[in-house]
Participant: 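Got a structure for you, written out below as structure tokens; questions coming shortly.
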Amino acid sequence: MARHRLTKKHRTIAMALGGAVLLVGGALTAQAASSGSGSGSGAAAAMPARPVSLSKPATFTGRAFDTCTAPTLAQMKAWKTASPYGGAAVYIGGKNRGCAQPQLTRDWVKSVSAVGWKLIPLYVGAQPPCKSGSNPERMTAATAASLGATDGADAGAKASALGMRPGSPVYLDMEGFDLTNTSCKDTVLTYTRAWNKALHAKGYRTGYYGFASSSAAAVAAASPGTDMPDALWYAAYDDTESTTTNYPFGTKWSGHRRGHQYAINKKETYGGVTLTVDRNAWDAPVAVVAK
């Protein structure tokens with residue numbers, strides 16, 4: 001996700017370790033392991049078990065963007081009028097969140113929602129032990145379960161403080177790592193399950209952002225299952241605005257539970273406002289905002 005958490009260099013390393021192979025102009029453009037038919041292997045599409053009963057989710061289908069720092073209300077209004085986007089991801093918390101969020105308040109959330117934006121809450125929790133780079137919070141095999149529980153509860157608290165009601169999703173941001181490292185993969189899954197369980201206990205839906213060739217693939221291989229994500233947001237930089245074309249995980253997360261980040265670091269201008277954004281095709285749950 002642009003410079004939101006990793007430099008381009010580290011993003012390139014993460015994707016390469018997961019199996020991406022084509023580099024053009026400093027950005028990964030290959031589908032890598034995410035390419036393949038939409039029908040996949042016919043894997044089950046059952047909803048993962050959760051300890052709380054949630055009503056039908058609010059969903060959005062269309063184009064969404066994410067950018068490091070939430071834009072001002074005036075910028076959001078200009079883009080809502082002039083841009084093709086209807087959804088916007090916001091970084092609500094996590095010790096590894098890369099940018100300050102001076103705009104991101106309860107009033108901002110209410111105001112941008114009132115003009116029609118559908119918000120996608122994103123939480124940058126602990127990162128894999130085998131990932132390169134420095135992170136304020138990094139999990140280990142010994143701490144994964146406890147960190148996941150703590151961070152999942154914190155994600156729910158952060159969403160609530162912003163006026164995002166129970167039933168809303170929060171998407172856990174997990175950067176790429178070496179999928180062949182079994183110990184690292186198992187640690188990530190332990191953290192993810194604990195994070196999901198804690199967030200479910202707060203009454204929120206769980207989502208998961210990851211690279212199709214590594215972090216998302218790890219979760220897909222373990223899903224469906226107890227305490228696995230309710231929705232998947234996968235990164236595959238193929239410039240294809242779709243959540244079905246070349247979808248890499250068969251029938252998993254069907255039924256309005258997929259987001260696809262298909263391009264990054266794009267400078268776009270609408271209504272006289274220029275932002276650098278990542279582009280997403282969206283067909284998944286979004287925040288339910290208190291009136």
Side-chain angles (χ1 to χ4, degrees), residues 1-6 8 11 27 29 57-94 97-124 158-159 161-165 168-171 173 207 209 231-243 245 256-291:
M1 288 186 174
R3 65 184 184 88
H4 308 358
R5 299 146 326 261
L6 294 177
K8 285 185 180 180
R11 289 171 65 85
T29 57
T59 60
F60 167 70
T61 301
R63 291 180 64 176
F65 75 87
D66 60 274
T67 191
C68 195
T69 299
T72 66
L73 177 58
Q75 291 173 323
M76 292 293 283
K77 285 181 175 179
W79 268 47
K80 189 66 184 72
T81 299
S83 82
Y85 295 102
V90 289
Y91 290 84
I92 68 168
R97 182 171 63 173
C99 291
Q101 302 293 339
Q103 309 300 327
L104 190 54
T105 64
R106 190 183 185 98
D107 285 343
W108 183 93
V109 167
K110 184 177 181 179
S111 295
V112 298
S113 297
V115 299
W117 285 104
K118 305 303 180 183
L119 297 180
I120 303 161
L122 188 61
Y123 187 93
V124 192
K158 292 291 195 299
L162 289 170
M164 298 174 180
R165 300 173 60 182
S168 299
V170 181
Y171 291 82
D173 182 325
Y209 167 89
L232 180 70
W233 180 4
Y234 65 101
Y237 303 138
D238 56 7
D239 290 319
T240 301
E241 185 190 332
S242 174
T243 60
T245 301
H256 307 293
R257 295 188 293 146
R258 299 174 186 168
H260 174 200
Q261 186 181 71
Y262 61 88
I264 60 171
N265 297 321
K266 301 296 183 180
K267 186 174 287 188
E268 302 184 30
T269 301
Y270 299 105
V273 173
T274 301
L275 299 173
T276 299
V277 302
D278 300 340
R279 297 171 179 169
N280 304 274
W282 202 258
D283 184 25
V286 293
V288 179
V289 177
K291 302 296 185 182

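None of these values were measured; they are calculated from a predicted model.
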Participant: Taking R106 for its side chain and A161 for its backbone only, find out whether a donor-acceptor pair lies under 3.5 Å.
Facilitator: yes
Participant: Nearest 0.5 Å please: distance from the CD atom of E268 over to the OG1 atom of T274.
Facilitator: 10.0 Å
Participant: Please report the interatomic distance OH(Y262) to OG(S242), rounded to the nearest 0.5 Å.
Facilitator: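 Reported value, rounded in 0.5 Å steps: 10.5 Å.
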Participant: Over all heavy atoms of both residues, which pair between A281 and T243 is shortest? Give the atoms and the distance, please.
Facilitator: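 Closest heavy-atom pair between A281 and T243: O-CG2, 3.5 Å.
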Participant: Quickly, which of Y237, W233, W282 forms a side chain to side chain donor-acceptor pair (under 3.5 Å) with Q261? Name it, please.
Facilitator: Y237
Participant: Would you check if H256 and T61 make a side-chain contact, meaning some heavy-atom pair closer than 4.5 Å?
Facilitator: yes
Participant: I want to check something: taking the side chain as every heavy atom from C-beta on, are T59 and D283 in contact at a cut-off of under 4.5 Å?
Facilitator: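 Answer no - side chains too far apart.
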Participant: More than 12 foreign heavy atoms under 6.0 Å from NZ of K77: is that the case here?
Facilitator: no
Participant: Between W117 and F65, is the gap from one ring center to the other below 6.0 Å?
Facilitator: yes
Participant: For residues V109 and S113, report the shortest heavy-atom separation together with the two atoms involved.
Facilitator: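 Closest approach of V109 to S113, heavy atoms only: O-OG, 2.8 Å.
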Participant: Quick one: are L119 and V286 in side-chain contact, heavy atoms under 4.5 Å?
Facilitator: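 When only atoms from C-beta onward are counted, V286 and L119 do not touch, as no gap falls below 4.5 Å.
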Participant: Does atom CZ of R165 have more than 12 heavy-atom neighbours, drawn from other residues, nucleotides or ligands, at distances under 6.0 Å?
Facilitator: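 No, because the 6.0 Å sphere around CZ of R165 holds 12 heavy atoms or fewer from other groups.
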Participant: Please round to the nearest 0.5 Å and tell me the distance separating atom CG of L104 and atom CZ of R97.
Facilitator: 6.5 Å
Participant: side-chain contact (heavy atoms from CB on, under 4.5 Å) for V90 and M164? Distances and angles first, verdict last.
Facilitator: CA-CA 12 Å; V90 289; M164 298 174 180; 4.1 Å; yes
Participant: With side chains defined as the heavy atoms from C-beta onward, is the minimum distance between Y270 and P84 less than 4.5 Å?
Facilitator: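 When only atoms from C-beta onward are counted, P84 and Y270 do touch, with a gap below 4.5 Å.
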Participant: Donor-acceptor pair, R279 side chain versus K266 backbone, under 3.5 Å?
Facilitator: no
Participant: Once you round to the nearest 0.5 Å, how far does OG1 of T67 lie from CD1 of I264?
Facilitator: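 The CD1 atom of I264 is 12.0 Å from OG1 of T67, to the nearest 0.5 Å.
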Participant: What is the minimum heavy-atom distance between P121 and P169, and which atoms define it?
Facilitator: CG-O, 3.1 Å
Participant: Hey, are the side chains of R63 and E241 touching, using non-hydrogen atoms and a 4.5 Å cut-off?
Facilitator: yes
Participant: So which atom in V112 and which in V115 form the shortest heavy-atom distance, rounded to 0.1 Å?
Facilitator: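 In this case the closest contact between V112 and V115 is O-CG2, 3.1 Å.
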Participant: Using only atom types and a distance under 3.5 Å, with no angle test, would you say the side chain of Q103 pairs donor to acceptor with the backbone of L73?
Facilitator: no
Participant: Can you tell me how the ring of Y234 sits relative to the ring of H260, calling it parallel under 30°, perpendicular over 60° and tilted otherwise?
Facilitator: parallel
Participant: I need the minimum non-hydrogen distance between Y171 and P285, along with the two atoms involved.
Facilitator: OH-O, 2.9 Å
Participant: Can a donor-acceptor pair be found, under 3.5 Å and without considering hydrogens, that links the side chain of D173 to the backbone of Y123?
Facilitator: no
Participant: Assign the ring pair Y85 / W79 to parallel, tilted or perpendicular, where the plane angle (0 to 90°) is split at 30° and 60°.
Facilitator: parallel
Participant: Measuring from D66:CG to I120:CD1, what's the distance to the nearest 0.5 Å?
Facilitator: 8.0 Å
Participant: Considering non-hydrogen atoms only, spot the tightest contact between K267 and T276 and give its length.
Facilitator: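 Where K267 meets T276 most closely, the heavy atoms are CE-OG1, 3.9 Å.
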Participant: How long is the span from the CD atom in Q75 to the OG atom in S83, to the nearest 0.5 Å?
Facilitator: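 Answer rounded to 0.5 Å: 12.5 Å.
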